[in-house]
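Keep in mind it's a predicted model, so treat the numbers as computed, not measured.
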Amino acid sequence: MKRILMMVLRNLIYVPHGWIKLCYYASHVDKYTEEERYKLLKYIDHKANKGGSVHIEAHGLENIPKESGFMFFPNHQGLYDVLAIIEACPVPFSVVAKKEIANIPFLKQVFACMKAYMIDRDDVRQAMQVIIDVTKEVKNGRNYLIFAEGTRSKNGNHPGTFKGGSFKSATKARCPIIPVALIDAFKPFDTNSIKPVKVQVHFLKPMYYEEYKDMKTTEIAAEVKRRIEETIAENI
């Protein structure tokens, strides 16, 4: 990927120290608070974005709840998505991601620092345990991000189907659901261009438990997708 190479080359003076520090944090996550680990990720992410000519435009920061214990549900465009949201989001969060990307260098260390859960979609028992564990953690005040599409869209700014099962942890935890609209997040890593690019991250108004308590998870999924598509259409 040309842009990743550009990110590295333009930050050559920082890369060795940053990489060593990231790997150390990833291997010793319990030595650092979540805030300390997130601060490191934001610093590295910002340096990479600047070197790669990627500008993150954040909207709706006022919609992020003041109290932790909520869940982000963005549309899924590519490998860059989480990095875009880290740059935009001022508060720490973790991720539920598919196990297929667990060993991609850099993302592996990032997810380790976030204490992310890697889900095996072919193992129902393991997937159910992840739902249980994430529910407990959200109830205890951690924030999570889940891609409800399950896999990245192949149609750029046009989201795929949002799966109702992705919302089970949120409904069990009775936590705020924050739709996140990503625009052009596929461009940094999933195109062969190194031209300057702007990625928009829109944090939409939360859906609180009182609003969705009588809805089926499939109905919640459809409503979250509708709000994201509406935001994309207004800002593309």
**side-chain contact (heavy atoms from CB on, under 4.5 Å) evaluation trace for His46 with Tyr43** = CA-CA 5 Å; His46 178 71; Tyr43 174 78; 5.9 Å; no
With a 3.5 Å distance limit and no angle check, can you tell me whether [X] reaches the backbone of [Y] through a side-chain donor-acceptor pair?
X      : Y      : result
Lys187 : Lys198 : no
Glu149 : Gly160 : yes
Thr135 : Ala173 : no
Ser153 : His158 : yes
Asn143 : Met71  : no
Glu87  : Ile56  : no
Thr217 : Lys168 : no
Lys163 : Ala148 : no
Arg142 : Glu137 : no
Arg174 : Tyr209 : no

I need the [X] [atom1] to [Y] [atom2] distance, nearest 0.5 Å.
X      : Y      : atom1 : atom2 : answer
Phe72  : Ser94  : CZ    : OG    : 12.0 Å
Met128 : Asp133 : CE    : CG    : 11.0 Å
Lys139 : Ser169 : NZ    : OG    : 10.5 Å
Leu107 : Phe189 : CG    : CZ    : 7.0 Å
Tyr25  : Lys31  : OH    : NZ    : 9.5 Å
Arg3   : Leu5   : CZ    : CG    : 12.0 Å

Over all heavy atoms of both residues, which pair between [X] and [Y] is shortest? Give the atoms and the distance, please.
X      : Y      : result
Pro90  : Leu61  : CD-CD2, 3.9 Å
Glu219 : Asp214 : OE1-O, 4.4 Å
Val29  : Ala112 : CG1-O, 3.2 Å
Phe203 : Cys89  : CZ-CB, 4.0 Å
Pro65  : Tyr208 : CG-OH, 4.3 Å
Asn11  : Gly51  : ND2-CA, 3.7 Å

**Message:** For His28 and Tyr24: C-alpha separation, side-chain torsions, deciding distance, then whether ring pair (Phe, Tyr, Trp, His ring centres under 6.0 Å) applies.
**Reply:** CA-CA 6 Å; His28 303 84; Tyr24 187 81; 4.1 Å; yes
Are there more than 12 heavy atoms of other residues, nucleotides or ligands under 6.0 Å from atom [atom1] of [X]?
X      : atom1 : value
Tyr32  : OH    : yes
Glu67  : CD    : no
Ile194 : CD1   : no
Lys42  : NZ    : yes
Lys205 : NZ    : no

Would you say that [X] contacts [Y] through its side chain, given a criterion of any heavy-atom pair below 4.5 Å between the two side chains?
X      : Y      : result
Lys2   : Ser193 : no
Val197 : Ser53  : no
Ile44  : Lys21  : no
Leu41  : Arg37  : no
Thr231 : Pro179 : no
Ile4   : Phe106 : no

**Item:** Glu57 and His55: side chain donor to acceptor below 3.5 Å
**Value:**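 Not at all, the side chains of Glu57 and His55 share no donor-acceptor pair under 3.5 Å.
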**Asked** With a 3.5 Å cut-off and no angle check, do the side chains of Glu223 and Tyr212 form a donor-acceptor pair?
**Response**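 Tyr212 and Glu223 do not have a side-chain donor-acceptor pair below 3.5 Å.
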**Item:** Partner of Tyr144 by side-chain contact (heavy atoms from CB on, under 4.5 Å), out of Tyr117, Phe70, Phe73
**Value:**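 The residue from Tyr117, Phe70, Phe73 that satisfies side-chain contact (heavy atoms from CB on, under 4.5 Å) with Tyr144 turns out to be Tyr117.
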Should [X] and [Y] be regarded as members of a common hydrophobic cluster, given that ILVMFWY residues are connected when their side-chain heavy atoms come within less than 4.5 Å of each other, either directly or indirectly?
X      : Y      : value
Leu204 : Val180 : no
Met118 : Met114 : yes
Ile178 : Ile183 : no

Check residues 75-86 and write down every donor-acceptor pair under 3.5 Å in which the side-chain atom is one partner and the other belongs to a residue at least two apart or another chain.
{"unit_1": "Asn75", "atom_1": "OD1", "unit_2": "Leu182", "atom_2": "N", "d": "2.7"}
{"unit_1": "Asn75", "atom_1": "ND2", "unit_2": "Leu182", "atom_2": "O", "d": "3.0"}
{"unit_1": "His76", "atom_1": "ND1", "unit_2": "Asp81", "atom_2": "OD2", "d": "2.7"}
{"unit_1": "Gln77", "atom_1": "OE1", "unit_2": "Asp184", "atom_2": "N", "d": "3.4"}
{"unit_1": "Gln77", "atom_1": "OE1", "unit_2": "Ala185", "atom_2": "N", "d": "2.7"}
{"unit_1": "Gln77", "atom_1": "OE1", "unit_2": "Phe186", "atom_2": "N", "d": "3.1"}
{"unit_1": "Gln77", "atom_1": "NE2", "unit_2": "Gly156", "atom_2": "O", "d": "3.2"}
{"unit_1": "Gln77", "atom_1": "NE2", "unit_2": "Asn157", "atom_2": "OD1", "d": "2.8"}
{"unit_1": "Gln77", "atom_1": "NE2", "unit_2": "Leu182", "atom_2": "O", "d": "3.1"}
{"unit_1": "Tyr80", "atom_1": "OH", "unit_2": "Asn49", "atom_2": "OD1", "d": "2.5"}
{"unit_1": "Tyr80", "atom_1": "OH", "unit_2": "Asn49", "atom_2": "ND2", "d": "3.4"}
{"unit_1": "Asp81", "atom_1": "OD1", "unit_2": "Gly78", "atom_2": "N", "d": "3.2"}
{"unit_1": "Asp81", "atom_1": "OD2", "unit_2": "Gln77", "atom_2": "N", "d": "2.5"}
{"unit_1": "Asp81", "atom_1": "OD2", "unit_2": "Gly78", "atom_2": "N", "d": "3.0"}

**Asked** Would you call the rings of His59 and His202 parallel, tilted or perpendicular, where under 30° means parallel and over 60° means perpendicular?
**Response**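 Parallel, since the angle between the ring planes stays under 30°.
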**Message:** Show, in sequence, the C-alpha distance, side-chain angles and deciding distance for Val54 and Val199, and conclude whether the side-chain contact (heavy atoms from CB on, under 4.5 Å) test is met.
**Reply:** CA-CA 7 Å; Val54 182; Val199 175; 4.1 Å; yes
**Item:** Salt bridge Lys99-Asp123, side-chain N to carboxylate O under 4.0 Å
**Value:**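 No, no charged N to carboxylate O under 4.0 Å.
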**Prompt:** Any salt bridge between Lys115 and Asp30, counting N to O under 4.0 Å?
**Reply:**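 A salt bridge links Lys115 with Asp30.
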